[in-house]
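Small disclaimer: the values here were computed from a predicted structure and weren't measured.
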Amino acid sequence: MEMLRCIFVAVLAAAAGLVAGVSVGCKESAAGVCRTVEVVRDTVTVRDTIVVERPVAVERRVTDTIMVRVAATDTCAALTDSVDVLLRAESVRYAGDRYEAWVSGYRPRLDSLRIYGEDRVVNSVVAVPATGRRRRWGVGVAAGVALTPSGVGPGVVVGVTYSL
């Protein structure tokens, strides 16, 4: 009966040690690497810019006629006079897929166009496996069956371990 009791205590202690070791220890994958991850955050700011070097007029409208007084000089006779000239005021529309511009005046022309879109911030979080080295050496406490000079009995052992 005493022997049966010792075996029961030994099996119970071994099961408790196994459960404690699995729950406390590092859960390893099939390759033997710990599943510890390190979170890396990356923020990128994106500015969308549209550059149109020589925009093409899509629509042209005459909006008004302007009377302008222009100085007229005769270089031979050294006379100075003025002349009234009628000029057409126009509105010109320039358009593309992502822009539209209106320019008004006498012979209006749009030389170039730059459109700065809204800034977009892209945040990404990546889980990267930790690159730290695994600990090879460790100290642990175990409870189980111990062989003593007085016989086999329950015991608590402090031990040093080395992982391959």
Side-chain angles (χ1 to χ4, degrees), residues 13-144 157-164:
L18 181 66
V19 169
V22 168
S23 65
V24 172
C26 175
K27 295 184 173 112
E28 296 183 4
S29 66
V33 180
C34 290
R35 292 184 191 161
T36 320
V37 292
E38 181 180 332
V39 176
V40 177
R41 298 185 189 278
D42 189 20
T43 302
V44 178
T45 303
V46 178
R47 172 175 273 171
D48 190 16
T49 304
I50 301 170
V51 177
V52 182
E53 292 297 328
R54 296 187 184 263
V56 179
V58 175
E59 182 182 342
R60 188 177 293 267
R61 296 182 195 163
V62 176
T63 56
D64 198 4
T65 304
I66 304 168
M67 177 85 64
V68 178
R69 183 163 295 218
V70 178
T73 58
D74 185 5
T75 56
C76 295
L79 297 174
T80 304
D81 197 3
S82 60
V83 177
D84 290 334
V85 179
L86 289 174
L87 300 176
R88 292 183 316 164
E90 297 176 323
S91 273
V92 180
R93 182 174 78 99
Y94 297 88
D97 292 341
R98 297 177 64 190
Y99 71 93
E100 179 182 43
W102 285 90
V103 181
S104 298
Y106 170 70
R107 293 174 62 185
R109 188 178 94 187
L110 184 61
D111 295 329
S112 67
L113 179 65
R114 289 195 179 158
I115 300 168
Y116 299 104
E118 294 183 16
D119 293 345
R120 289 182 292 152
V121 178
V122 179
N123 292 324
S124 61
V125 178
V126 180
V128 178
T131 57
R133 291 180 18 196
R134 287 182 57 190
R135 286 199 247 155
R136 297 260 183 209
W137 292 94
V139 176
V141 178
V157 178
V158 175
V160 178
T161 60
Y162 179 78
S163 298
L164 298 176

Query raised in the report: CG/D84 to CE/M67 distance, rounded to the nearest 0.5 angstrom?
Result: 5.5 Å
**Report entry** Full working for side chain to side chain contact (heavy atoms under 4.5 Å, CB included) between Y99 and R114
**Finding:** CA-CA 9 Å; Y99 71 93; R114 289 195 179 158; over 6 Å; no
Requested in this report: Find the distance between OG (S82) and CZ (R69) and round it off to the nearest 0.5 Å.
Outcome: 4.5 Å
Query raised in the report: Any donor and acceptor pair, going by atom type alone, linking the side chain of Y94 with main-chain N or O of L110 inside 3.5 Å?
Result: yes
Query raised in the report: Do E100 and R93 sit within salt-bridge range, that is, some charged N less than 4.0 Å from a carboxylate O?
Result: yes
Requested in this report: Give the minimum heavy-atom separation between P55 and S112, together with the two atoms involved.
Outcome: CD-CA, 4.2 Å
**Report entry** Taking every non-hydrogen atom, the tightest pair across E90 and T63
**Finding:** N-OG1, 4.1 Å
Requested in this report: For R60 and V92, work out which heavy atoms get closest and say how close.
Outcome: NH1-CG2, 3.6 Å
